[in-house]
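Heads up, the thing below is written out as structure tokens.
Note that the structure is predicted; figures quoted are calculated from it, not measured. Proteins come first, then strands; the chains are lettered A, B, ... in the order of their sequence lines, and each starts at number 1.
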Protein chains: 2
Amino acid sequence: MSGSPLTRVAALDALVDALRSLPGVGPKSAARMAFHLLQHDRDGAARLAEALRQALAGIRRCSLCNTYTEDALCATCADPRRDRRLLCVVESPADQSAVEQTLTYRGLYFVLMGRLSPLDGLGPKDIGIDQLVRRVQGGDVEEIILATNFTNEGEATAHVIAETLRPLDLRITRLARGVPSGAELEYVDLGTIARALVDRRGA
Amino acid sequence: MSGSPLTRVAALDALVDALRSLPGVGPKSAARMAFHLLQHDRDGAARLAEALRQALAGIRRCSLCNTYTEDALCATCADPRRDRRLLCVVESPADQSAVEQTLTYRGLYFVLMGRLSPLDGLGPKDIGIDQLVRRVQGGDVEEIILATNFTNEGEATAHVIAETLRPLDLRITRLARGVPSGAELEYVDLGTIARALVDRRGA
Ligand SMILES: [Zn+2]
Ligand SMILES: [Zn+2]
């Protein structure tokens with residue numbers, strides 16, 4: 001248990017401490033959450049405990065794309081209407097979910113276990129790049145769309161994947177950079193505008 | 001389940017939804033929390049599920065002061081060194097915890113179930129004022145210290161409790177208002193300074 005006990009009730013201190021596992025939750029908000037659940041939402045607390053239990057027991061990685069699923073294959077990989085020639089590589093199920101919500105992509109995915117991060121000791125194997133190579137060698141993939149994030153680490157990850165897959169006979173693309181939809185140029189950072197100028201396309 | 005499903009994994013959607021029971025957690029941060037737990041902290045998720053289960057099973061209200069406890073009497077009420085002539089009335093276990101952490105109070109507490117809030121349909125009975133009256137009539141209490149919050153509702157609650165207990169032979173006090181410790185007057189709101197002037201004391 002970390003930090004000083006807030007109360008003299010062990011089960012309450014343990015709950016406050018466990019809530020701090022959640023990203024972005026410090027000691028004060030963990031205490032507020034614990035008091036809220038006990039005082040106003042015991043049903044919600046019971047539902048959360050059960051949802052955690054079921055998620056841990058039932059959710060695993062898709063054997064083909066590595067995303068979360070309750071079956072051997074995820075719903076996307078098992079869907080015969082998806083275009084099996086396209087493979088979009090993302091850093092996480094959350095990023096996959098973001099791409100999927102655009103409703104513009106009909107291919108398949110490969111979900112990395114994060115991004116390359118030498119400082120955190122995460123190399124190509126740790127994030128599943130070898131698994132990606134096997135996936136590409138075994139399938140009908142003709143184009144790899146690199147949709148890692150546009151951070152330094154995401155860019156480095158895309159670069160390493162591109163170099164790793166280069167010997168295979170594949171088209172390798174990267175999501176376009178540019179000015180975000182709906183943005184006013186006045187408020188867009190200069191690097192983004194500069195890149196959008198360089199990458200300008202016929203209108 | 002509220003909102004649109006984020007994923008096509010039922011157990012994951014249920015977890016995201018359950019995390020929204022936590023105060024201050026919207027759909028985006030609930031999804032971020034769920035992905036984080038599954039991807040990086042399955043131990044933390046298991047610990048949280050277990051802490052919730054144990055808190056729900058083990059934590060109840062102290063029969064004397066109404067705060068959270070795992071026993072019939074809380075540690076404070078059961079402590080023979082506490083001064084049983086002083087009873088500090090607070091709105092919640094969180095507020096009790098704040099007073100207790102000052103290490104300056106050696107009396108007992110009575111923890112209301114919140115504050116009077118006519119708009120939310122919370123009257124004196126709902127927040128336990130009748131239980132407080134019985135507590136005072138049954139014990140050795142000589143002074144009631146009203147430590148409800150200095151909000152409109154907290155002030156109204158203090159006022160109603162004072163009027164309700166007035167017929168009993170008790171000293172009834174309220175926490176002092178004034179300039180917060182460490183504050184620079186320049187940055188303190190004028191109402192607080194005005195009240196501190198009126199309540200000024202010998203130095
Ligand atoms: Zn899959
Ligand atoms: Zn007690």
Side-chain angles (χ1 to χ4, degrees), chain A residues 4 6-25 29 31-59 67-71 74-76 79 92-97 100-101 113-114, chain B residues 4 6-25 29-59 67-71 74-76 79 92-94 96-97 100-101 113-114:
Chain A
S4 61
L6 234 163
T7 65
R8 290 163 79 183
V9 185
L12 185 52
D13 288 335
L15 176 57
V16 171
D17 194 60
L19 284 163
R20 295 188 56 193
S21 296
L22 300 171
V25 175
S29 45
R32 197 162 41 86
M33 287 174 171
F35 285 131
H36 171 85
L37 290 174
L38 283 169
Q39 198 152 13
H40 301 296
D41 196 6
R42 295 177 72 93
D43 287 353
R47 204 158 48 91
L48 177 54
E50 181 59 15
L52 287 163
R53 205 190 57 73
Q54 292 207 2
L56 288 172
I59 297 177
T67 197
Y68 295 127
T69 175
E70 287 172 287
D71 308 295
C74 74
T76 306
D79 184 343
S92 68
D95 292 342
Q96 177 193 18
S97 172
E100 194 62 10
Q101 281 174 59
M113 321 273 276
Chain B
S4 61
L6 235 164
T7 66
R8 291 162 80 185
V9 185
L12 185 52
D13 287 337
L15 176 57
V16 171
D17 195 61
L19 284 163
R20 296 188 55 192
S21 295
L22 299 172
V25 176
S29 44
R32 196 161 40 86
M33 287 172 172
F35 285 129
H36 172 83
L37 290 175
L38 283 169
Q39 199 153 12
H40 303 295
D41 197 6
R42 295 177 72 94
D43 287 352
R47 205 159 48 94
L48 178 53
E50 181 59 16
L52 286 163
R53 204 190 59 70
Q54 292 206 2
L56 289 171
I59 297 176
T67 198
Y68 295 127
T69 175
E70 289 173 283
D71 308 295
C74 74
T76 306
D79 184 344
S92 69
Q96 177 194 16
S97 171
E100 194 65 6
Q101 282 174 60
M113 320 273 277

TODO: Quick one: which of B:Pro23, B:Ala34, B:Ala55, B:Ala51 has the most heavy-atom pairs under 4.5 Å with chain A, could you say?
DONE: B:Pro23
TODO: Using a cut-off of under 4.5 Å on heavy-atom pairs, state which of B:Arg32, B:Glu70, B:Met113 scores highest against chain A.
DONE: B:Glu70
TODO: State, yes or no, whether a side-chain contact exists between B:Leu15 and A:Ile59 at a heavy-atom distance under 4.5 Å.
DONE: no
- [ ] Mind ranking B:Leu48, B:Leu19, B:Val25 by heavy-atom pairs under 4.5 Å with chain A and telling me who comes out on top?
- [x] B:Leu48
TODO: Can you run down the salt bridge (charged side-chain N to carboxylate O under 4.0 Å, His left out) pairs that involve residues 45-56 of chain A, sequence neighbours left out, and say none if there aren't any?
DONE: A:Arg47-B:Asp17, A:Glu50-A:Arg53
- [ ] Compare every heavy atom of A:Tyr68 with every heavy atom of B:Val9, then report the nearest pair and how far apart it is.
- [x] CG2-O, 3.3 Å
- [ ] Name the region of B:Thr76, side chain, backbone, both or neither, that has any atom closer than 4.5 Å to a heavy atom of chain A.
- [x] both
For a quick test of your reading: what N or O donor-acceptor pairs under 3.5 Å do the side chains of residues 35-45 of chain A make, sequence neighbours left out?
from	atom 1	to	atom 2	distance (Å)
A:Asp41	OD1	A:Gly44	N	2.8
A:Arg42	NH2	B:Leu56	O	2.9

